[in-house]
Structures are given as C-alpha cells and as structure tokens.
Amino acid sequence: LISALALLSFAPRLLRASFADSPPEKIPEMVTLMMDTNHRLHRSMRFTLLIGLLQWAQQFHCQFPRWYRSLAHHSSRKASKVIKIAVLLFGPISGVRLVEWGLFPRQPSSFSRGIHYLQQALGVPGQPLTNVELDNLLMLAFAVIFLLSSRMILNLPSKGLFLAGWKKDLYKDQELWLVQTRRFKGMFVVPMALHFVRGVLSPKLGFVAAQYDSLLISTQYPLLLTLVWMVAYCTVVLRPRHV
C-alpha cells in the first residue's frame with residue numbers, strides 16, 4: 001500500500017517535469033496515463049487504495065483498540081510522541097478534506113490554497129499542490145503512521161500488548177469475529193456507495209461514468225487483497241534464513 005501510494009503521489013509531478021519539453025506524440029502512452037490524474041484508471045486506483053487503507057486501519061483498531069496507550073511504554077518515547085502529534089495533525093485535515101471531497105469536488109482545497117499562498121509569500125517556486133496530490137499525501141501519511149505503530153506495538157512485551165487491548169480469544173470468539181467481519185465488509189460497501197452517489201450527483205461524471213468507476217474498483221479491489229495477503233504470507237513464512 002505504501003509503495004503504491006508513494007508512486008501515485010510523486011510519479012505524476014515528476015513525470016510532467018521530466019517530459020515538459022517533449023512533444024506529446026513522443027511521450028509513451030503509459031507515461032501519459034500516469035501523468036493524467038483525472039483518468040478513470042488513475043482515479044479508481046486511488047480509491048481502491050483508500051479502501052484498502054481504511055480496512056487496514058479498521059483491522060488494526062480491532063486487534064489493538066487502545067494502541068495509543070501502549071506507545072507510551074515503548075523504549076523510544078520520542079517516536080511515540082511523533083506518532084501522536086502526526087495523528088492529531090493529519091486527522092482534522094483529513095476530516096475537512098473528506099467534507100470538501102463530498103460537497104465541493106470541483107473546487108481547490110482550502111489547504112491547497114493555503115499552501116500556495118504560503119509559497120508565494122515565501123517566494124518558493126513551484127506549482128500549487130492539487131487536490132489529488134494532497135489526498136495521496138494524506139493517505140501516505142496515515143499508512144506510514146499505522147505501519148510504524150504496528151511495528152512498535154509488536155515489539156512490546158506481553159504486558160504492552162494487553163495494554164493495547166489485544167485479546168487472545170479474538171480469533172476464537174465467533175460472535176466477536178462475526179462483528180469484525182461485518183465491519184470489514186462494511187468498510188468496503190459504505191465507501192463504494194458514497195463514491196457512486198457522489199459520481200451520480202456530479203455534473204462532470206453522471207450515472208454511466210459512476211457505474212464504470214464502480215465496476216473498475218470492484219475489479220481492482222480483489223486483486224489488491226490478493227497481493228496484500230500474498231505479501232503478508234510470504235513475509236511470515238519466508239524467514240531470512242529460508243531465503
């Protein structure tokens with residue numbers, strides 16, 4: 001997820017800068033596709049990765065519902081403080097961006113305008129940050145935060161794991177696992193429904209385009225799950241001494 005988010009975040013701007021002086025007919029088609037952030041494939045990949053990140057965060061909170069408390073018991077106190085500050089910083093920004101994404105899809109984000117104004121005030125050259133780049137950077141930031149949190153929590157002793165809310169019977173309790181399964185599936189169905197309704201109401205897309213986007217996301221989503229679980233399985237089974 002982090003590698004794909006980093007690619008979608010930085011590749012379009014870097015490619016546009018690299019091929020700025022090249023005529024359009026000499027730019028490879030794949031490069032043109034990567035530079036066009038409004039293309040359906042690019043747009044659907046971003047939303048598929050967002051769903052994957054939401055489900056990852058939901059699963060993380062299910063296994064460690066009080067993870068933020070256990071970070072204080074980690075040997076690196078500075079790292080735990082940095083993670084908490086990052087959550088407090090990016091959380092409200094992501095909430096405002098979600099509202100802007102739903103209500104004002106065609107307008108530049110207030111944060112993008114603020115960063116552009118700051119660039120002009122400081123005399124820093126460069127193009128303004130687009131909504132797509134801002135959203136990708138926010139997703140990338142949360143993916144890194146939860147990855148570092150997972151690594152720190154799993155390195156804690158047993159007392160730290162139980163302080164984070166870990167339960168031994170999580171995978172044995174059928175009622176608890178049934179609730180978790182419903183939440184995991186709902187984390188896919190609800191964003192898909194919101195995305196479809198937003199596309200139908202948008203004058204730029206409409207019902208047909210929203211339907212095509214949903215079909216493409218429904219195709220990419222199982223491929224993403226397959227890739228994630230294959231990598232997770234290989235990471236657990238293939239130890240360095242086995243490679």
Side-chain angles (χ1 to χ4, degrees), residues 1-15 29-62 90-91 93-95 97-103 105-106 109 129-147 149-150 180-202 204-235:
L1 285 177
I2 292 178
S3 301
L5 285 172
L7 180 64
L8 291 178
S9 300
F10 302 108
R13 183 178 285 258
L14 294 175
L15 290 174
E29 185 177 356
M30 183 58 66
V31 175
T32 304
L33 179 62
M34 286 298 299
M35 290 191 297
D36 186 8
T37 56
N38 293 321
H39 193 275
R40 174 172 285 116
L41 182 60
H42 205 288
R43 190 171 62 245
S44 62
M45 287 176 61
R46 293 198 307 268
F47 197 79
T48 303
L49 291 173
L50 173 62
I51 293 177
L53 177 60
L54 291 175
Q55 289 186 323
W56 179 21
Q58 193 270 333
Q59 186 72 12
F60 177 80
H61 281 83
C62 174
F90 294 117
I93 297 177
S94 301
R97 270 301 300 145
L98 180 62
V99 175
E100 291 179 340
W101 174 83
L103 300 180
R106 304 183 67 178
S109 171
L129 194 69
T130 64
N131 290 353
V132 173
E133 293 172 337
L134 178 61
D135 296 341
N136 289 340
L137 290 175
L138 288 174
M139 289 192 295
L140 181 61
F142 273 105
V144 173
I145 288 172
F146 285 117
L147 179 62
S149 301
S150 302
Q180 167 60 15
T181 303
R182 289 174 178 172
R183 291 174 179 172
F184 187 82
K185 294 180 178 179
M187 198 58 71
F188 170 76
V189 175
V190 173
M192 282 290 293
L194 293 176
H195 187 270
F196 180 77
V197 172
R198 175 181 179 271
V200 170
L201 298 179
S202 174
K204 193 176 180 179
L205 295 177
F207 177 79
V208 177
Q211 191 176 31
Y212 285 157
D213 286 351
S214 298
L215 290 174
L216 192 55
I217 295 171
S218 300
T219 304
Q220 294 171 348
Y221 173 76
L223 296 177
L224 175 65
L225 281 186
T226 303
L227 177 62
V228 169
W229 289 115
M230 283 179 60
V231 173
Y233 179 81
C234 293
T235 303

- Value rounded to 0.5 Å, distance of CG in L49 from CG in N136: 8.5 Å

- Query: Residues in ring pair (Phe, Tyr, Trp, His ring centres under 6.0 Å) with F142, at least two apart?
  - Reply: none

- Below 4.5 Å, heavy atoms only, C-beta onward: do M187 and Q59 meet side chain to side chain? no

- Separation between CG of L216 and OG1 of T48, rounded to the nearest 0.5 Å: 7.0 Å

- Item | Between CG on residue L54 and CZ on residue F188, distance to nearest 0.5 Å | 12.0 Å

- With sequence neighbours excluded, residues passing ring pair (Phe, Tyr, Trp, His ring centres under 6.0 Å) with F207: F196

- Task: With the side chain counted from C-beta on, respond yes when R97 and N131 share a heavy-atom pair under 4.5 Å apart, and no when they do not.
- Result: yes

- Hey, does M192 have a side-chain heavy atom less than 4.5 Å from the side chain of S218? yes

- Query: Heavy atoms, side chains only, cut-off 4.5 Å: are L225 and Y221 in contact?
  - Reply: yes

- Query: Under the 3.5 angstrom rule, does the side chain of Q55 hit a backbone N or O of F184 as a donor-acceptor pair?
  - Reply: yes

- Item | Under 3.5 Å: donor-acceptor pair, side chain of H61, backbone of A57 | yes

- Note on the structure: The reported gap from CG in D135 to CG in L50 (rounded to nearest 0.5 angstrom) is 8.5 Å

- Item | Pairs satisfying salt bridge (Lys or Arg N to Asp or Glu O under 4.0 Å), at least one member in residues 43-58, at least two apart | R43-D213

- For the atom pair CZ (F47) and CD (Q220), what is the distance rounded to the nearest 0.5 Å? 11.5 Å

- Query: Rounded to the nearest 0.5 Å, what separation is found between the CD atom of Q58 and the CD1 atom of I51?
  - Reply: 13.5 Å

- Task: May I have all residue pairs that pass salt bridge (Lys or Arg N to Asp or Glu O under 4.0 Å) and include part of residues 185-194, sequence neighbours excluded?
- Result: none

- side chain to side chain contact (heavy atoms under 4.5 Å, CB included) between F90 and I145: does it pass, once the steps are laid out? CA-CA 10 Å; F90 294 117; I145 288 172; 4.1 Å; yes

- Please check if atom CE in M45 has more than 12 non-hydrogen atoms from other residues, nucleotides or ligands closer than 6.0 Å. no

- Which pairs with one or both residues in residues 47-60 pass salt bridge (Lys or Arg N to Asp or Glu O under 4.0 Å), sequence neighbours excluded? none

- Query: Which residue pairs satisfy the salt bridge (Lys or Arg N to Asp or Glu O under 4.0 Å) criterion with at least one member in residues 218-231, sequence neighbours excluded?
  - Reply: none

- Query: If every non-hydrogen atom of P191 is compared with every non-hydrogen atom of G186, which pair is closest and at what distance?
  - Reply: CD-O, 3.7 Å

- Message: Using side-chain heavy atoms (C-beta onward) and a distance below 4.5 Å, is S149 in contact with F60?
- Response: yes

